[in-house]
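Just so it is clear, the model here is predicted, and its values are computed rather than measured. Just so it is clear, the values below take in all heavy atoms, side chains as well, and ignore hydrogens, waters and symmetry mates. Starting from 1, each residue takes its place in the sequence as its number.
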Amino acid sequence: ALALLLTLALSLSAKTLNRNEDYRNEETLWLQTVKARPDSPRARGNLGLALYYQGRLEEAEFQFHEALKRYPQMARAYGGLGLVFRKRGQLEEAARALTRAIELDPKFVGAREKLGLVLEAMGKWEAAMEEYRSVLAIMPYHPTSRAHLERLQKQRTSFPEKDPLP
């Protein structure tokens with residue numbers, strides 16, 4: 001009986017060690033999840049984010065699109081596309097994707113803040129400030145949105161003769 005118990009314990013330990021490999025990093029975790037559940041929009045979206053943070057933009061974009069095929073109302077997948085487009089300098093596309101994410105989830109502060117950054121890069125400072133204000137209405141102590149808003153307000157008042165704001 002003891003030998004059987006030890007054999008069972010060793011077998012389960014080996015399985016645990018093998019399974020731990022699936023969790024060694026975000027990409028591996030979500031890649032294994034996509035293999036097990038290829039129709040999961042959440043797994044596709046999270047794999048897309050893991051790939052995005054590794055700088056693998058084409059693969060990330062593919063996973064976000066795959067997530068949206070499975071769940072077209074997935075705000076986080078549109079937010080991910082916005083990140084990819086922003087990183088590539090495709091500001092119009094980024095603004096569209098982030099705006100869609102916000103339409104689907106008005107309290108998605110990450111998308112609102114990123115949209116603010118995109119609008120700034122497009123020279124639309126008033127609209128950017130409005131996005132930062134929207135973040136602060138949802139999360140009053142959001143530090144980066146507060147910093148972005150204060151920076152733009154300071155730029156606006158520091159150089160009125162060279163004010164880039166409309």
Side-chain angles (χ1 to χ4, degrees), residues 22-139 142-156 158-159 162-166:
D22 292 344
Y23 298 100
R24 74 175 174 257
N25 62 44
E26 291 268 334
E27 178 191 358
T28 305
L29 169 66
W30 292 113
L31 189 56
Q32 292 302 319
T33 306
V34 165
K35 284 181 183 176
R37 299 186 59 208
D39 289 329
S40 169
R42 179 175 176 230
R44 297 275 182 179
N46 286 335
L47 178 56
L49 278 176
L51 294 166
Y52 168 79
Y53 287 117
Q54 292 179 21
R56 295 161 60 186
L57 302 183
E58 286 182 31
E59 294 169 86
E61 181 181 3
F62 174 79
Q63 292 301 329
F64 294 133
H65 283 296
E66 288 296 307
L68 289 168
K69 283 181 191 173
R70 289 154 178 81
Y71 184 51
Q73 304 303 315
M74 188 175 180
R76 299 275 186 270
Y78 282 106
L81 285 173
L83 293 174
V84 168
F85 294 141
R86 178 176 173 250
K87 186 77 143 186
R88 287 184 183 149
Q90 297 171 287
L91 299 180
E92 293 289 339
E93 293 88 345
R96 276 194 293 278
L98 293 165
T99 298
R100 182 66 181 136
I102 294 164
E103 289 169 355
L104 293 168
D105 181 0
K107 293 185 177 183
F108 187 178
V109 295
R112 286 190 175 279
E113 183 177 46
K114 295 300 185 262
L115 179 57
L117 292 170
V118 167
L119 292 168
E120 269 192 72
M122 296 170 75
K124 299 178 179 182
W125 293 280
E126 285 292 337
M129 290 194 310
E130 190 55 39
E131 287 305 324
Y132 300 139
R133 286 185 194 103
S134 295
V135 170
L136 295 171
I138 298 164
M139 293 181 68
H142 195 274
T144 54
S145 287
R146 180 167 304 284
H148 293 312
L149 179 60
E150 288 172 357
R151 178 179 41 77
L152 284 179
Q153 289 172 331
K154 184 178 178 185
Q155 284 177 337
R156 184 174 203 179
S158 296
F159 306 103
K162 296 181 180 179
D163 187 6
L165 301 173

Any chance you could measure [X], atom [atom1], to [Y], atom [atom2], to the nearest 0.5 Å?
X	Y	atom1	atom2	answer
I102	K107	CD1	NZ	14.0 Å
L51	E58	CG	CD	11.5 Å
L149	H142	CG	NE2	12.5 Å
L29	N46	CG	CG	8.5 Å
F85	E61	CZ	CD	4.5 Å
E93	R86	CD	CZ	14.5 Å

Grab the two heavy atoms, one from [X] and one from [Y], that are nearest each other, plus how far apart they are.
X	Y	answer
A60	G48	CB-O, 3.3 Å
L152	A128	CD1-CB, 4.1 Å
A94	V118	CB-CG2, 3.9 Å
A77	A67	CB-CB, 4.1 Å
A75	A101	O-CB, 3.4 Å
A95	T99	O-OG1, 2.7 Å

Between W125 and R156, is a side-chain contact (heavy atoms from CB on, under 4.5 Å) present by the stated rule, with each step listed? CA-CA 9 Å; W125 293 280; R156 184 174 203 179; over 6 Å; no

Decide, yes or no, whether a salt bridge links [X] with [Y] under the criterion of side-chain N to carboxylate O below 4.0 Å.
X	Y	result
D105	R76	yes
K114	E131	no
E120	K124	no

Does some side-chain heavy atom of [Y] sit less than 4.5 Å from a side-chain heavy atom of [X]?
X	Y	answer
L68	L81	yes
R56	E27	yes
L98	Y78	no
Q73	R100	yes

I'd like to know if the side chain of [X] and the backbone of [Y] have a donor-acceptor N/O pair within less than 3.5 Å.
X	Y	answer
R112	F108	no
E26	A50	no
R70	P38	yes

Do other residues, nucleotides or ligands put more than 12 heavy atoms under 6.0 Å from the CZ atom of R133? yes

Does CZ in R88 sit with more than 12 non-hydrogen atoms of other residues, nucleotides or ligands closer than 6.0 Å? yes

Report the C-alpha separation of F64 and L83 in whole Å, then their side-chain angles, then the decisive distance to 0.1 Å, and conclude whether the side-chain contact (heavy atoms from CB on, under 4.5 Å) test is met. CA-CA 11 Å; F64 294 133; L83 293 174; 5.8 Å; no

Could you check L117 against Y132 for side-chain contact (heavy atoms from CB on, under 4.5 Å), going step by step and ending with a plain yes or no? CA-CA 9 Å; L117 292 170; Y132 300 139; 3.3 Å; yes

Could you point out which residue of H65, E66, E59 forms a side chain to side chain contact (heavy atoms under 4.5 Å, CB included) with F62? E66

Report the C-alpha distance between M122 and E92 in whole Å, list the side-chain angles of each, state the deciding distance to 0.1 Å, and finish with yes or no for side-chain contact (heavy atoms from CB on, under 4.5 Å). CA-CA 8 Å; M122 296 170 75; E92 293 289 339; 3.0 Å; yes

